[in-house]
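Here is the naming used below: chain letters follow the sequence lines, and residue numbers restart at 1 for every chain.
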Amino acid sequence: MSYKEEPGLDKQFNAEEIEKRCDAYWSANEIYKYDATQSRDNSFVIDTPPPTASGSLHIGHIFSYTQTDIIARYQRMQGKSVFYPIGWDDNGLPTERRVQNYYNIACNPKIPYDQTFKPVHIDNDKNERREISRKNFIEACETLIAEDEKIFENVFRRIGHSYDWNLTYSTISPTSIKISQASFLDLYQKGKVVAVEAPIMWDVTFKSAVSQAEVEDKEMEGFFHDIRFSVKDSNETFIIATTRPELLASCLAIVAHPDDERYKHLFGKTAIVPLFDIPVPIVPSEHAEKDKGTGIMMVCTFGDAADVTWWKKSGLPIKQIIGLDGKIMNITYGEGVFNTLNKEEAQKNFNQIIGLPAHIAKKKVAEMLKEQGFLIGEPKKIVHPVKFYEKGNLPLEFVSSRQWFVKLMDMKDEMLSAGRKIKWLPSYMQHRYETWTEGLNQDWCISRQRYFGVPFPVWYKVDANGNIDYSQVILPSKDRLPIDPMADAPNGYTEAQRNQPNGFVGDPDVMDTWATSSLTPQIAMAMAPKGSNLSLPFDIRPQAHDIIRTWAFYTIAKSLMHENTIPWHKTLISGFILDPDRKKMSKSKGNVVTPMNLIEAHSADAVRYWAAKAKLGVDTAFDEKMMQQGRKLIVKIYNASKFVFMIVGNSASADYAQNISAALDKSWLKKLADTVNSARRSFENYDYALALDSIETRFWDFCDNYVEIVKKRAYSEDNASAIATLKLSLDTFVKLFAPFCPFITEEVYQARPWKQPSDISVHKELWTSLDILQTVSAKDSLLYDTISAVSAEIRKQKTFENKSQKNPVLSLVVKAGEQAISCLKANDSDLINVGNIADHGITYQVAPELCVEKIMLDQNFVPEKKKVG
RNA sequence: GGGUGUGUAGCUCAGCUGGUUAGAGCGCUACGUUCACAUCGUAGAGGUCACAAGUUCAAGUCUUGUCACACCUACCA
């Protein structure tokens, strides 16, 4: 496919046309296709973050993903075969929630599959959510993510990200499920993943287990209740201050610090829990602090993580009173673990809270305590941090349940040393990884009681009595993956034996979404063409800093467990986009600017320019001014190119280097060569922002100075050197800017009169082709620097005297170092041209510093236009 | 409580391993230009480089301390 019908540049710059033209051309010619025949050494392999397919892309995505694209494009122009996949993270809770709202449906696994059901988008429906089967629900999820992903793709194409779209993956695809399930089987075999019945953090809204990484603290209002406990066979009482009175019924013990003089004498005695008359031991424990509350506290199952720790050591049974729905369970006193000294009274009181949600039960218990005289004074308001699931809106509960865990606690040291083998950019981001790893206090709970995710490839045997025997795990062979144990029967069984005595049941849970996301390198590799030389570690993992503890951490963990290596050599951590008021941008504020609007308003290259200006890891305030600046640069590139084309005219020869002979041209090219070197150095350090800075500065220098100086000579007969230099300069800038502004550079590249049939795309060009600058340029840029400086002084003087730039200069004195003077004397024709200086008008003097004096302008000069007026 | 980062012109930010009178863009003021330029140029106003002490011939840049903000992490009866 050819690039454009009409050759050359249009009179007017039209960003949208150029963007669409480029996208079509790149895709038709597979410019960004990964070349699987290249060796690993000659490849650059990227573990791209798959954005969550939950509606729309945020401007923050454009920001950080563009930074990666710039790096990918630079590496491609270094001759590397760039492995640059893109994926969609579409499994898990975010998708489920979006689907529920979008179609106003809810999943009920008990309902049978309805073949005729078609999900329809329903806006603002007040009706109750329609309940559908698990299979229908999953199909609805698949329908919506397909739509969302199309929109994402359009935005990424429009902004010019150079993904190889053949490598697109989705985390819910059969391939991803297969890889994720194979990972599970591998870890199971290695003893790294185990199912245990244990207290876990439970979100009551989503009715699912969550992991430590998904938990965040929220500052919550709470109340300290001072409750009087009595001591068995004694008149003594003591006061406990608690924020969780509803847990009284699950109290296991009373603890105080071993050295606490106030309570020492109570150790070994038995306390009586009010309302329920439960006898519990009073014991010393280090984890009680003397100066918190009243210094003495109750241990319940479970108020917090400390209770869990204490309970584990105690060997006491669990008294679970909060159910998985977050409500108080129906409990009969005097049965099982629920002992009491007064069965009737305990039951009467407990009956008052059965079925209530925990936060309402709390109030009810407080009332009862008050009525019966156990509450001292009024509850005291406090604000304290409470653990929440990051997406939940009710506090987490600790409940005991059977879940799958990946054993991480025994590999913390290994994780830390792996983290040190990876280069973190910026380096301080490694601290976050280290603190998180050091602070890890539980294994990774990977089972979720949800629907849209990767199922556990696990069945359990059902015994002769119809009871599930969790110790009898049935696993599929790897060649059966992907598998859904809720739909497929294990080998040796038939579907008819499901849920039957001596039959089997499938594990109904799905995996934590991170259990799959942590395999993005493996998933991406699965998308590569056959015969690829890919392997871990990859070169880079770009990602944002908020998911260091999840995505980065889990990917490193899985890579170590499966392949015994780090997953990538470097990780590039991007910053956030902040509101202009420096708050984290959020949709809820309603001030969201969508990426597409910005692209339309400023052009894709301009939006990219804004992203390219920010350094890695730095949170940046959103600023449209920066896009306007980018737009100016792009228009300038367009116009400068048009001008060069005009001067160059029909000189279509691409073999220009040998014509470069003028001293000024060589001196300018030295300047340009230095810029190439410094930009290359910056890029090698992944400092694309610094590279852009130096390129941009040199480009404006080119426009403002070199082009002005050489203009007259370029129009003259003796213009071969000037024309060759303009060509070489423009070719150079187009390549230098290509990673940042892929559209305008491609447009100019394709429009060059000296374009050769072998010139496919600027994005296939090599930076090594810029080495020609080194051979044709002068040893130094002294001549160019001097002429630029002198002409700037002349320009200044003309402006100061309100004269036209064409106004002749009768005479001036140039003072400069010996070398500069001799160099200038021999090559002053360009200076005379640009300043319009009279013959023999320049007086040269050797001086320590460059200085221009006594500029005499021709006061009789009248610009042409003013003659008319 | 522990830790990391940030604090430079009205705004958004550069300033790499310490080196001459601290920079850019935008904004503002004044003037000019319309030449490839949905422009550009020149000049001006505007900074005690958060604060304090120290090291050094020399500190925005290094050290220590203080303050403010952001974030990470822990605790959370």
Give one of base, sugar-phosphate or nothing for A:Lys292, where a contact means two heavy atoms less than 4.0 Å apart. base
Using atom CD of A:Gln430 as one end and atom P of B:C71 as the other, report the distance to the nearest whole Å. 23 Å
Would you say B:A74 has OP1 or OP2 under 4.0 Å from some side-chain N or O of A:Gln212? yes
Assign each of A:Ile296 and A:Asn14 the nucleotide of RNA chain B bearing its closest heavy atom; nearer the 5' end lies the nucleotide of A:Asn14
Just to confirm, is there a sub-4.0 Å distance from OP1 or OP2 of B:A38 to any side-chain nitrogen or oxygen of A:Lys11? no
For A:Asn639 and B:C40, is the shortest distance between a side-chain N/O and OP1 or OP2 below 4.0 Å? no
Heavy atoms only, 4.0 Å cut-off, all strands: where does A:His287 land among base, sugar-phosphate and nothing? base
Does the side chain of A:Lys632 get closer than 4.0 angstrom to OP1 or OP2 of B:C40 through an N or O atom? yes
Looking at B:A36, I'd like to know if its phosphate oxygens (OP1 or OP2) sit under 4.0 Å from a side-chain N or O belonging to A:Lys636. no
Pair partner, B:U4 [Watson-Crick or wobble, under 3.5 Å]: B:A70
Nearest-nucleotide 5' precedence on RNA chain B, A:His545 against A:Asp704: A:Asp704
When the ring centroid of A:Phe737 is compared with that of A:Phe699, is the distance short of 6.0 Å? yes
B:U73, OP1 or OP2 - any side-chain N/O from A:Arg432 closer than 4.0 Å? no
Whole-Å distance, A:Trp610 CH2 to B:A24 P, equals 24 Å
